[in-house]
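Values in this document were obtained by computation on a predicted structure and should not be read as measured data. Heavy atoms only: backbone and side chains are in, while hydrogens, waters and symmetry mates are out.
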Amino acid sequence: MKQLLVYMKGYAKESVLGPLFKLLEASFELLVPLVMAAIIDTGVAGADRGYILRMGGVLLLLGLVGLAAAITAQYFSAKAAVGHALFEKIESLSYTQLDTLGTSTMMTRMTSDINQVQTGVNLTLRLLLRSPFIVFGAMVMAFTIDAKSALLFVAVIPLLALVVFGTMLYTIPQYRRVQ
């Protein structure tokens, strides 16, 4: 973890903006069911085509803004994950140091290690930030629509957490062995 923080040094802005835009994207996704409920409850029930079209426009707008937030999040996340610190460090080495380390070591550092950091950053964004926000946000939104149905979320969320963490506990040692 300490190495990751050293690697990310100089990319603090990107490391903050990436997750923020990812949460913004998730927020727009969570609003979609509320708009759909309004379309059904008000537009369809009242046969109000104008309302349905307006709310359809709101859905389209939510989708476009969510897409823009997702693209922006991926941009900042990729920029934070890739960085240039390792490349600059290798460029600063003397020819003697490069010869001592060897070309194969440098290639491994520039490909495999950077890929590992990118994967770690993306998993952090997906699993540790976005997923819990979506799960608990969906539960809150479900309670705003129908409290009885939302109780299903209360029962399923711990089961979902067990499956996710069980999978992680099972696969992490295997992943380390492969590495």
Side-chain angles (χ1 to χ4, degrees), residues 1-36 57-93 105-145 150 153 156-179:
M1 183 65 169
K2 184 178 177 183
Q3 290 174 333
L4 181 62
L5 293 175
V6 169
Y7 179 83
M8 302 283 291
K9 185 180 174 187
Y11 299 96
K13 178 181 80 170
E14 291 85 356
S15 299
V16 171
L17 288 175
L20 284 178
F21 276 99
K22 189 56 83 176
L23 293 178
L24 185 63
E25 171 203 356
S27 299
F28 287 116
E29 287 179 23
L30 289 171
L31 292 174
V32 169
L34 293 178
V35 175
M36 286 302 299
V58 169
L59 281 176
L60 184 64
L61 184 63
L62 284 174
L64 291 173
V65 173
L67 176 65
I71 291 170
T72 306
Q74 287 305 110
Y75 169 77
F76 284 121
S77 298
K79 196 170 177 186
V82 174
H84 296 289
L86 183 59
F87 184 71
E88 290 170 4
K89 176 65 177 175
I90 290 173
E91 281 189 329
S92 71
L93 297 175
T105 301
M106 293 296 103
M107 292 302 293
T108 300
R109 296 290 174 244
M110 290 301 293
T111 55
S112 180
D113 290 359
I114 287 179
N115 189 39
Q116 293 297 322
V117 171
Q118 288 175 330
T119 301
V121 169
N122 285 329
L123 283 175
T124 300
L125 280 175
R126 287 264 178 223
L127 288 176
L128 297 178
L129 295 175
R130 187 178 188 276
S131 296
F133 184 76
I134 287 287
V135 169
F136 290 110
M139 184 178 68
V140 169
M141 293 298 183
F143 273 108
T144 63
I145 294 173
F153 274 97
V156 172
I157 287 174
L159 294 174
L160 179 65
L162 269 172
V163 169
V164 169
F165 286 112
T167 303
M168 285 173 54
L169 289 174
Y170 176 74
T171 58
I172 287 173
Q174 291 181 351
Y175 183 73
R176 284 190 182 136
R177 214 172 338 133
V178 168
Q179 287 298 315

Chemist: Any idea which heavy atoms bring A26 and I134 closest together, and the distance?
Modeler: CB-CD1, 3.4 Å
Chemist: Test of understanding: with side chain to side chain donor-acceptor pair (under 3.5 Å), list the residues that count as partners of E29, not counting sequence neighbours.
Modeler: R130
Chemist: CG/L61 to CZ/F28 distance, rounded to the nearest 0.5 angstrom?
Modeler: 8.0 Å
Chemist: Would you compute the distance between atom CG of L62 and atom CG of L67 and round it to the nearest 0.5 angstrom?
Modeler: 12.5 Å
Chemist: Search all heavy atoms of A73 against all heavy atoms of G18 and return the closest pair with its distance.
Modeler: CB-O, 3.5 Å
Chemist: Between CE of M139 and OG1 of T144, what distance do you get to the nearest 0.5 Å?
Modeler: 11.5 Å
Chemist: For M141 and L30, work out which heavy atoms get closest and say how close.
Modeler: CG-O, 3.8 Å
Chemist: Do L59 and M36 come within less than 4.5 Å of each other through their side chains, counting heavy atoms only?
Modeler: yes
Chemist: What is the distance from atom CD1 of I157 to atom CZ of F136, rounded to the nearest 0.5 Å?
Modeler: 5.0 Å
Chemist: Could you please spell out the steps behind the side chain to side chain contact (heavy atoms under 4.5 Å, CB included) verdict for L34 and L31?
Modeler: CA-CA 5 Å; L34 293 178; L31 292 174; 4.3 Å; yes
Chemist: I want to check something: taking the side chain as every heavy atom from C-beta on, are Y75 and L17 in contact at a cut-off of under 4.5 Å?
Modeler: no
Chemist: Given side chains that start at C-beta, do those of L20 and L24 come closer than 4.5 Å, heavy atoms only?
Modeler: no
Chemist: Where is the tightest heavy-atom contact between A138 and F153, given as atom of each residue plus distance?
Modeler: CB-CE2, 4.1 Å
